[in-house]
Protein chains: 2
Amino acid sequence: MTAAEPTTRTSLLDAAELLITERGFARASVRAITEAANANVAAVNYHFGSKLELIKAVIERRIGPLNAERLRRLEACEAGGEVTLEAVVEAFVAPAIADARAESHRQRLARLLGMAFSQPSSELRAVMLQQFRPVIDRFVPVLIELLPDVSQEQIYWRVHFMIGALAFTIGLGDIVEAYSDGRCDASDMDSISRQLVEFLTAGFRYGTPGEDSR
Amino acid sequence: MTAAEPTTRTSLLDAAELLITERGFARASVRAITEAANANVAAVNYHFGSKLELIKAVIERRIGPLNAERLRRLEACEAGGEVTLEAVVEAFVAPAIADARAESHRQRLARLLGMAFSQPSSELRAVMLQQFRPVIDRFVPVLIELLPDVSQEQIYWRVHFMIGALAFTIGLGDIVEAYSDGRCDASDMDSISRQLVEFLTAGFRYGTPGEDSR
DNA sequence: GTCTATAGGTGGATAGAC
DNA sequence: GTCTATCCACCTATAGAC
């Protein structure tokens, strides 16, 4: 708990994260991970018990702090008395994009997140559900209060739409560069974050056409 | 080209699709696929050349018709003279959700789509890009015309947000059921489609706050 | 904690008979 | 086109010396 010397354990986590985002869960072999970490083949089993437990640890190490930051920002909003819809959406979106910008692992976290979500493995999806649960439980009531004309059910769906747009955007932003023939810059995180927040805020606020039309 | 008798080739495609969406690309082995298709182990290599080529064929078989339907619906809008923003968004969203409802493979197509997108394998991502390119190229100009105050760059990003929300929703709708403690029904495709179209339409239309505020 | 060696298994692919 | 038999690369996990 003193300094940040690279233990074998953290080296394994780093190497695993890198290789998983590069190759996927299945093709990131224990052999390759231990080799990249300058550790022994048996190190994964010694430190984590199995490859699956290592993967879980990789996911939890990233998603945990990310979601904690989301909660922290939401609480900062409430403490400041400025609980606008836009601020709440930003509290959810911005930490993920900020994290994607940090270091060299630009899309790594989000791709990891997206991969873990879309993985059919029920084990990994359970980890994701467990990690996201407190965040959803905290954000939804705030959104309900901010949008009294929108039903609870609709709020849940819109939160889901938000997560989808966010995960897809960070993990696969480079696709837009290809489609737009370079007109869009997937590395301009500030612009992306702003555009996404504005888009989602509008969806939350105006996503219910006049009730009289039904 | 006469009837639809189940050839070995199509049995392999069906079995591969099912197993891929259940287990993922890596864990859907050639052995399991051929067994499920009541075919011989060597059949995959005989008919497709390799496992990778089989996977590509599975993706193309589903995404191709889906995107063709999107183009067809967009053209129907234009022919009818009713090119509203909502109709255009619906032309993009509804075919995917309709397909997800058909047969028993509820989330299969979309999960396949999401998995193929988030797969680090550059081979598969190239297939996805190639399949989506004509759709993007067709929808973007229409959206530009409908939203003269929104820059081209922003349109591309919003289309990206739309795809993300859509893919995530169809592929992982059951997550919402868990988070909402059953308040949301992920099998009510009509409701989901309507809500998603309304959410996205609002994002497209009102996603740009007044310019005077900057 | 780290290493070597190896067990024990599954993967994709193919050769060659039918 | 279909089958069997087989090759061989690679994987996870562990036992046991250091």
Side-chain angles (χ1 to χ4, degrees), chain A residues 1-59 61 115-116 119-124 127, chain B residues 1-61 112 115-116 119-124 127:
Chain A
M1 287 264 188
T2 54
E5 44 181 281
T7 65
T8 300
R9 204 188 140 83
T10 57
S11 297
L12 287 172
L13 286 169
D14 291 338
E17 181 178 272
L18 180 61
L19 286 172
I20 286 170
T21 47
E22 274 178 356
R23 312 183 186 179
F25 294 108
R27 296 179 55 191
S29 69
V30 170
R31 287 178 144 78
I33 291 168
T34 50
E35 190 177 345
N38 279 322
N40 190 268
V41 207
V44 163
N45 281 282
Y46 178 79
H47 287 280
F48 297 92
S50 72
K51 180 185 176 180
L52 179 61
E53 291 304 315
L54 168 61
I55 292 176
K56 284 189 195 171
V58 167
I59 293 175
R61 182 176 67 150
M115 283 169 53
Q119 206 68 7
S121 155
S122 55
E123 279 263 28
L124 293 188
V127 173
Chain B
M1 287 260 185
T2 53
E5 44 181 280
T7 64
T8 300
R9 203 188 140 83
T10 58
S11 297
L12 287 172
L13 286 170
D14 290 339
E17 179 177 274
L18 180 62
L19 286 172
I20 285 170
T21 48
E22 274 178 357
R23 311 182 185 180
F25 294 108
R27 296 179 55 188
S29 68
V30 170
R31 289 180 144 83
I33 291 168
T34 49
E35 191 177 346
N38 279 323
N40 190 268
V41 207
V44 164
N45 281 282
Y46 179 80
H47 287 280
F48 296 93
S50 72
K51 182 185 175 181
L52 179 61
E53 291 303 316
L54 168 62
I55 292 176
K56 284 189 196 172
V58 167
I59 293 175
E60 283 165 0
R61 181 177 67 150
L112 183 70
M115 283 169 52
Q119 205 71 8
S121 155
S122 55
E123 279 263 28
L124 293 187
V127 174

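Each chain gets a letter, A, B and so on, in the order its sequence line appears, and its residues count up from 1.
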Trainee: Given atom OH of Tyr46(B) and atom P of dG1(D), what is their separation to the nearest angstrom?
Mentor: 5 Å
Trainee: Which residue pairs pass the side-chain hydrogen bond (donor to acceptor under 3.5 Å, both in side chains) test when at least one of the two sits in residues 28-43 of chain B, sequence neighbours left out?
Mentor: none
Trainee: What does the B/S/- profile of nucleotides 5-18 of chain C look like, 5' to 3', with a 4.0 Å heavy-atom cutoff to protein?
Mentor: ------BBBB----
Trainee: Going by the rule side-chain hydrogen bond (donor to acceptor under 3.5 Å, both in side chains), which residues pair with Thr10(A) if we only count those two or more places apart in sequence or in a different chain?
Mentor: Thr7(A)
Trainee: Go through the structure and list residues passing salt bridge (Lys or Arg N to Asp or Glu O under 4.0 Å) with Lys56(A), not counting sequence neighbours.
Mentor: Glu53(A), Glu123(A)
Trainee: Provide, to the nearest angstrom, the distance between the CG atom belonging to Leu19(A) and the P atom belonging to dC10(D).
Mentor: 16 Å
Trainee: The criterion is side-chain hydrogen bond (donor to acceptor under 3.5 Å, both in side chains); which residues satisfy it with Glu22(A), sequence neighbours excluded?
Mentor: none
Trainee: To the nearest Å, how far apart are His47(A) NE2 and dA13(D) C1'?
Mentor: 15 Å
Trainee: Name all residues meeting the salt bridge (Lys or Arg N to Asp or Glu O under 4.0 Å) criterion together with Arg61(B); count only those two or more places apart in sequence or in a different chain, and write none if there are none.
Mentor: Asp14(B), Glu17(B)
